[in-house]
Amino acid sequence: MMKGIIFGVENIFAIIYILIIARCLLSWVPNLDWKRQPWQFIRVSADLYLNLFRKWIPPVNGIDISPIVAFFALSIIHRLVMFILYQFV
């Protein structure tokens, strides 16, 4: 039972990591229609998390570094959650 929960949580974190990376890579593609699927889903899903950091971290020389900080914060949260979950196994 607990191993299934751990597996599910690991997959959720993996999906979030992939969405952030995809959002960052796709932001460099010119003429991408963000209003079409699946681009809109990627943008909206990743920006929900990234906007938390964009409020506090301004762009440096026109480059948005908030995804780097967001990725680092997500990594810490991921490790904390996994540490807590593994205590119950």
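In this text, all values refer to a predicted model and were calculated from it rather than measured experimentally. Heavy-atom basis, side chains included; hydrogens, waters and symmetry copies ignored.
Residue pairs satisfying the ring pair (Phe, Tyr, Trp, His ring centres under 6.0 Å) criterion with at least one member in residues 50-82, sequence neighbours excluded, are listed as follows: Phe13-His78, Tyr17-Phe71, Tyr17-His78, Tyr49-Phe53. Listed by first then second residue, pairs satisfying salt bridge (Lys or Arg N to Asp or Glu O under 4.0 Å) with a partner in residues 9-18 number zero, not counting sequence neighbours. Listed by first and then second residue, the salt bridge (Lys or Arg N to Asp or Glu O under 4.0 Å) pairs that reach into residues 26-36 come to none, sequence neighbours excluded. Judged as a salt bridge (Lys or Arg N to Asp or Glu O under 4.0 Å), the pairs with a partner in residues 42-61 (not counting sequence neighbours) are, in order, Arg23-Asp47, Asp47-Arg54, Arg54-Asp64. Applying the salt bridge (Lys or Arg N to Asp or Glu O under 4.0 Å) definition to pairs two or more places apart or across chains, none involves residues 12-21.
The side-chain contact (heavy atoms from CB on, under 4.5 Å) search around Phe83 returns Gln87, not counting sequence neighbours. Listed by chain and residue number, Gln40 satisfy the side chain to side chain donor-acceptor pair (under 3.5 Å) test with Gln37 (two or more places apart in sequence, or in another chain). In this structure, the side-chain contact (heavy atoms from CB on, under 4.5 Å) partners of Phe7, at least two apart in sequence or on a different chain, are Asn11.
When hydrophobic clusters are built by joining Ile, Leu, Val, Met, Phe, Trp and Tyr residues whose side-chain heavy atoms come closer than 4.5 Å, directly or via intermediates, Leu80 is not grouped with Ile6. Ile76 and Val81 are not part of a single hydrophobic cluster, where members link through side-chain heavy atoms under 4.5 Å apart. Both Met2 and Ile12 are members of a single hydrophobic cluster when ILVMFWY side chains are connected at heavy-atom separations under 4.5 Å. Residues Leu74 and Met82 fall within the same hydrophobic cluster, defined by Ile, Leu, Val, Met, Phe, Trp and Tyr side chains chained together at heavy-atom separations under 4.5 Å. Leu48 and Ile57 sit in two unconnected hydrophobic clusters of ILVMFWY residues. Membership requires side-chain heavy atoms under 4.5 Å apart, directly or through other members.
When side chains are defined from C-beta on, Pro67 counts as touching Leu50, because their heavy atoms get closer than 4.5 Å.
The hydrophobic side chain of Trp28 is isolated, with no ILVMFWY side chain under 4.5 Å apart from it. Side-chain heavy-atom separations under 4.5 angstrom define the hydrophobic clusters, and the remaining members of the one that includes Ile42 are Ile15, Leu19, Leu26, Val29, Leu32, Trp34, Trp39, Phe41.
Annotation: the span from Ile20 atom CD1 to Leu25 atom CG amounts to 12.0 Å, rounded to 0.5 Å. One finds the CD1 atom of Ile16 at 12.0 Å from the CD1 atom of Ile21 (value rounded to the nearest 0.5 Å).
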